[in-house]
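Report on the structure given below.
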Number of protein chains: 2
Amino acid sequence: MKGGNDVIDERSLLLLGILMAQSAHGYQINDFIEKNLLYVTEIKKATAYVLLDRMALSGFVTVHTEQAGNRPPRKVYSITPEGIEQFQSLLRQNLEHPDSPIYKGDVGLMFLDHLPKDEVAHHLQQRLQRLQEQMNLFQKGLSHSHAAGIQLSLEHRLLHMQLEVDWLERIAAQLQSSTDEKTVQ
Amino acid sequence: MKGGNDVIDERSLLLLGILMAQSAHGYQINDFIEKNLLYVTEIKKATAYVLLDRMALSGFVTVHTEQAGNRPPRKVYSITPEGIEQFQSLLRQNLEHPDSPIYKGDVGLMFLDHLPKDEVAHHLQQRLQRLQEQMNLFQKGLSHSHAAGIQLSLEHRLLHMQLEVDWLERIAAQLQSSTDEKTVQ
DNA sequence: TTTTCCATGTAACTCGTTACATGATTTC
DNA sequence: GAAATCATGTAACGAGTTACATGGAAAA
């Protein structure tokens, strides 16, 4: 009744998916994630190393150690047939189930009425500015042409960012105008 | 260098915010959250009880025990002046900082190319259907008129849901049509 | 009379992060 | 010669969830 397959583990899916393209060692994988997938996942290096070893125990990947020159030895992971099946199973589940992301900002929104409107407007404009900076950085990373799927997922992310920007502009303007009215009348 | 104020704690903000409206006991608060804020927060009952007691130790709330009939005694929490300051501070931070939600579904998107297009289209249509069901439920809860801020945050959530629906419909249609082409030609 | 609701609390556990250890090697 | 990169690993810690304990009252 407990087990682990109820909640989909998108971290394993990610690692297996990367290994579907080619075998790789941990450092390589972590590097790729850090440089390209900042907005897609929050997995940390230590976690990835542990997960890779765990997947080796489960038989989803095999390991063999490589030595290049006399640099630190690399543990190169390759996906196995069972790993491929697991990957496909996780992928299907991931595709079928909508995720319910939590927007932490919604908690603040709930209590807007406890601060003066113009102050709220000011804070939201701050938020807007930061968001736009994030979006600029994000779009730079977007142009480096990736595989089709990666491109798609980054564009998906961008759509939600853009919605957020539009929404913030609208709300901030509303708050602004409603305080202006009072000032004018 | 570590401390607790670096990452904004939206759970405390939520609890303090609820107590800004009126004093309440733990069960009452948990009940409200469970019935109204399913999509806003993931805080669990046990966590809320612990947090309320912790905030009492920090002086942000006071507790007094009430007995109604001989039902289980209630621990009623009231926000203190220091609590109000903390609430406002957390609220300002929450409003100023955009959140970077993680869309777990984006991980799956990255690896679309590893399944046949028509299968992907099928899975995404499944996802779409489930999402629409969620949205129906959500909209029912939306109509029960809440305070202005709560209404706003729920509408915000709805916007993102709607974007997701539109996006899914577009992508699923694209995948469908590109497999149709092959069938026709 | 069995189930659900009221009302709180906590021990055990899971999961993941932080922070550090190690050591060679290229770059500045 | 100092700093960043390469490459992995793990112990300690923290946060939060699960699952259970308790026990009366109201609803079915």
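Numbered from 1 within each chain, the chains take letters A, B, ... in sequence-line order. Just so it is clear, the structure is predicted and the values come from calculations on it, not from any experiment.
In this structure, of D:dT8, D:dG9, D:dG16, it is D:dG16 that holds the atom nearest to the side chain of B:Thr47. You'll find that the side chain of A:Val50 is closest to D:dT10, out of D:dT10, C:dG9, D:dG9.
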Close N/O contacts between protein and nucleotides 1-4 of chain C (under 3.5 Å):
none

Quick test: give all pairs of protein nitrogen or oxygen and nucleotides 25-28 of chain C nitrogen or oxygen below 3.5 Å, distance rounded to 0.1 Å.
from: C:dT25; atom 1: OP1; to: A:Asn70; atom 2: OD1; distance (Å): 2.8
from: C:dT25; atom 1: OP1; to: A:Asn70; atom 2: ND2; distance (Å): 3.3

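Legend: residues meeting side chain to side chain donor-acceptor pair (under 3.5 Å) with A:Gln174, ordered by chain and number and at least two apart, are absent. Take B:Asp113 and apply the side chain to side chain donor-acceptor pair (under 3.5 Å) test, not counting sequence neighbours, and it matches no residue. The salt bridge (Lys or Arg N to Asp or Glu O under 4.0 Å) test applied to B:Asp118 returns no partner, not counting sequence neighbours. Applying the side chain to side chain donor-acceptor pair (under 3.5 Å) test to B:Gln162 and every residue at least two apart in sequence or in another chain returns B:Asp166. Every residue was checked against the side chain to side chain donor-acceptor pair (under 3.5 Å) condition with B:Thr47, not counting sequence neighbours, and none meets it.
Within a heavy-atom distance below 4.0 Å of DNA chain D, the residues of residues 15-46 of chain B found are B:Glu42, B:Lys44, B:Ala46.
The number of heavy atoms from other shown groups lying within 6.0 Å of CD (B:Glu85) does not exceed 12. Heavy atoms from other residues, nucleotides or ligands lying under 6.0 Å from CD of B:Glu155 number more than 12.
Between B:Asp53 atom CG and C:dA7 atom C1' the separation is 13 Å, expressed in whole Å. Remark: P of D:dG23 and CD of B:Gln67 are 15 Å apart, rounded to the nearest angstrom. Distance CD (B:Glu10) to P (D:dA15): 14 Å, rounded to an integer number of Å. Note: CZ (B:Arg54) to P (D:dG14) measures 11 Å, nearest angstrom. Atom pair B:Leu52:CG and C:dG9:C1' shows a separation of 13 Å (rounding to whole Å applied).
With rounding to the nearest 0.5 Å, the separation of CG in B:Asp99 from CG in B:Asn94 is 7.5 Å. Rounded to the nearest 0.5 Å, atoms CG (A:Leu109) and CG (B:Leu95) are 7.0 Å apart. The CG atom of A:Leu16 sits 9.0 Å away from atom CG of A:Leu51, with the distance rounded to the nearest 0.5 Å.
As judged by a 4.0 angstrom heavy-atom cut-off over every strand, A:Arg11 is placed among residues touching the sugar-phosphate backbone only.
Pairs engaging residues 20-61 of chain A under the ring pair (Phe, Tyr, Trp, His ring centres under 6.0 Å) rule: A:Tyr39-A:Phe138 [sequence neighbours left out]. Residue pairs meeting the ring pair (Phe, Tyr, Trp, His ring centres under 6.0 Å) criterion with at least one member in residues 103-123 of chain A, sequence neighbours excluded, are A:Tyr103-B:His156, A:Tyr103-B:His160, A:Phe111-B:Phe87, A:His114-B:Phe87. Screening residues 122-139 of chain A for salt bridge (Lys or Arg N to Asp or Glu O under 4.0 Å) gives A:Arg130-B:Glu96 as the qualifying pairs, with residues at least two apart or on separate chains.
Contact annotation: A:Tyr49 side-chain N/O to D:dT8 OP1/OP2 distance is under 4.0 Å.
Annotation: the terminal axes of the helix from C:dT1-D:dA28 to C:dC28-D:dG1 meet at 30°, where each axis is the rotation carrying the C1' atoms of four end pairs onto the next four (5 pairs per end, rounded to 10°).
B:Gln151 is listed as a side-chain neighbour of B:Leu142, based on a closest heavy-atom distance under 4.5 Å.
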